[in-house]
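Here is the structure we will look at.
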Amino acid sequence: GSYTVKVTMSKNFTLKNSDTITYIISPKTLTGFEVSSDLIYDKTSKTLMFNIAGVESNDNVNVNGYTIYNTNGQVVEAVNAGSYYAVITSLDNENYVVNNVRVDFDVVPRSVTVTLKNQTSVYGEEIIVDSTAYDVTSGSVCEGDELGVVISKVAGDTAKEYELTANSTNGNYEVTFVNAKYTISKR
């Protein structure tokens with residue numbers, strides 16, 4: 001802000017032009033920002049909180065204006081797992097300013113463990129691998145989401161045990177799989 005000070009001088013000094021001085025105290029520009037917490041996919045739009053560097057002791061400053069973009073520069077809501085950036089446009093303390101500072105952040109995939117179930121058939125029968133034969137044994141899947149689990153059997157159709165492996169097609173989840181066996185029994 002702008003402050004006017006009236007100066008009174010002793011007899012030995014005189015001021016030229018005026019006995020008042022105007023001081024202008026400019027807001028401090030802040031540039032050091034980071035997102036203050038890990039953001040994990042949970043099917044909701046993220047509200048960002050920021051750590052701010054360079055704030056004077058005993059001052060309280062919060063971001064009150066920002067826009068979120070995807071890596072293609074499109075304005076989005078940060079819902080799905082992936083990389084984003086926020087452009088900070090305003091603060092809640094008039095002693096500080098920000099000039100469209102970019103802050104990169106990620107929404108990380110939700111971690112789950114999936115345990116496959118053993119499957120069987122009899123030699124000579126059609127081999128059908130059931131991609132729904134699993135349990136989520138650690139973590140949780142957000143309501144309405146599908147993991148997109150695809151279970152595969154190692155090639156072969158003779159009577160013996162084969163490894164079942166899987167992958168997930170849903171990028172919002174980091175899935176750890178516990179493999180199982182597919183057993184073809186003798187006739």
Check the angle between the aromatic planes of F50 and Y66 and answer parallel, tilted or perpendicular using the 30° and 60° thresholds. perpendicular
Distance-only, no hydrogens or angles: does the S152 side chain make a donor-acceptor pair with backbone N or O of T165 under 3.5 Å? no
Hey, does the side chain of N172 reach the backbone of N80 with a donor-acceptor pair shorter than 3.5 angstrom? no
hydrophobic_cluster_shared for I40 and V114, side chain cutoff 4.5 Å: no
Which heavy atom in A180 sits nearest to a heavy atom in N118, and how many Å separate them? CB-OD1, 3.3 Å
So, D135 and T137: side-chain donor and acceptor under 3.5 Å apart, yes or no? no
A81 to G171 - nearest heavy-atom pair and separation: CB-O, 3.7 Å
Verify the cluster assignment for V87 and Y84: are they in a single hydrophobic cluster under the rule of side-chain heavy atoms below 4.5 Å apart? no
Restricting to non-hydrogen atoms, name the atom on N62 and the atom on I52 that form the minimum distance, rounded to 0.1 Å. CA-CD1, 4.2 Å
Measure from the side-chain N and O atoms of K153 to the backbone N and O of I127, and report whether any donor-acceptor pair falls under 3.5 Å. no
Go through D92 and V61 one step at a time and tell me if the side-chain contact (heavy atoms from CB on, under 4.5 Å) criterion holds. CA-CA 6 Å; D92 68 354; V61 180; 4.3 Å; yes
Can you tell me how far the OH atom of Y162 sits from the OG1 atom of T183, to the nearest 0.5 Å? 10.0 Å
Which value, rounded to the nearest 0.5 Å, describes the distance between E56 atom CD and N93 atom CG? 11.0 Å
Interatomic distance, CG@N99 vs OG1@T31, rounded to 0.5 Å, equals 9.5 Å
Counting only heavy atoms not in K43 (residues, nucleotides, ligands), do more than 12 fall under 6.0 Å from its NZ? yes
Report, as yes or no, whether the 6.0 Å neighbourhood of atom CG on N72 holds more than 12 heavy atoms from other residues, nucleotides or ligands. yes
Can you measure from CD (E174) to OG1 (T113) and round to the nearest 0.5 angstrom? 9.5 Å
When you look at V97 and T29, which way does the side-chain contact (heavy atoms from CB on, under 4.5 Å) test go after all the steps? CA-CA 5 Å; V97 294; T29 300; 3.3 Å; yes
Using every non-hydrogen atom in the two residues, find where L30 and A53 come nearest and quote the distance to one decimal. CD2-O, 3.6 Å
State yes or no: do V63 and V101 share one hydrophobic cluster built from I, L, V, M, F, W and Y residues joined by side-chain heavy-atom distances below 4.5 Å, directly or via other members? yes
Does T71 reach the main-chain N or O of S83 with its side chain, forming a donor-acceptor pair under 3.5 Å? no
Among I151, V150, V175, exactly one meets side chain to side chain contact (heavy atoms under 4.5 Å, CB included) together with N167. Which residue is that? V150
Run the numbers on T158 and I184 for side-chain contact (heavy atoms from CB on, under 4.5 Å), then give the verdict. CA-CA 7 Å; T158 59; I184 299 176; over 6 Å; no
Looking only at side chains, do N64 and S90 share a donor and an acceptor under 3.5 Å apart? yes
Please evaluate residues V103 and L48 with respect to the criterion side-chain contact (heavy atoms from CB on, under 4.5 Å), reporting the C-alpha separation (whole Å), side-chain torsions for both, the decisive distance (0.1 Å), and the verdict. CA-CA 11 Å; V103 180; L48 305 180; over 6 Å; no
How long is the span from the CZ atom in F177 to the CG atom in L147, to the nearest 0.5 Å? 7.0 Å
Would you confirm whether R110, through its side chain, and S140, through its main-chain N or O, come within 3.5 Å as a donor-acceptor pair? yes
Nearest 0.5 Å please: distance from the CD atom of E125 over to the OG1 atom of T120. 8.5 Å
Tell me whether V122 shares a hydrophobic cluster with I128, the cluster being built from Ile, Leu, Val, Met, Phe, Trp, Tyr side chains joined at under 4.5 Å. no
Are V141 and V107 connected into the same hydrophobic cluster when the rule is that any two of I, L, V, M, F, W, Y join if their side-chain heavy atoms are below 4.5 Å apart? yes
Would the distance check show the side chain of K46 and the main-chain N or O of T44 forming a donor-acceptor pair, the cut-off being under 3.5 Å? yes
Do V178 and L116 have side-chain heavy atoms sitting under 4.5 Å apart? no
All heavy atoms of P109 vs all of Y173, minimum pair found to be CB-C, 3.7 Å
Is it the case that the ring center of Y85 lies less than 6.0 angstrom away from the ring center of Y69? yes
Is the side chain of Q119 donor-acceptor paired with the backbone N or O of D130 at a distance under 3.5 Å, no angle test? yes
Using a distance-only test with no angle check, is there a side-chain donor-acceptor pair under 3.5 angstrom linking Y41 and N170? no
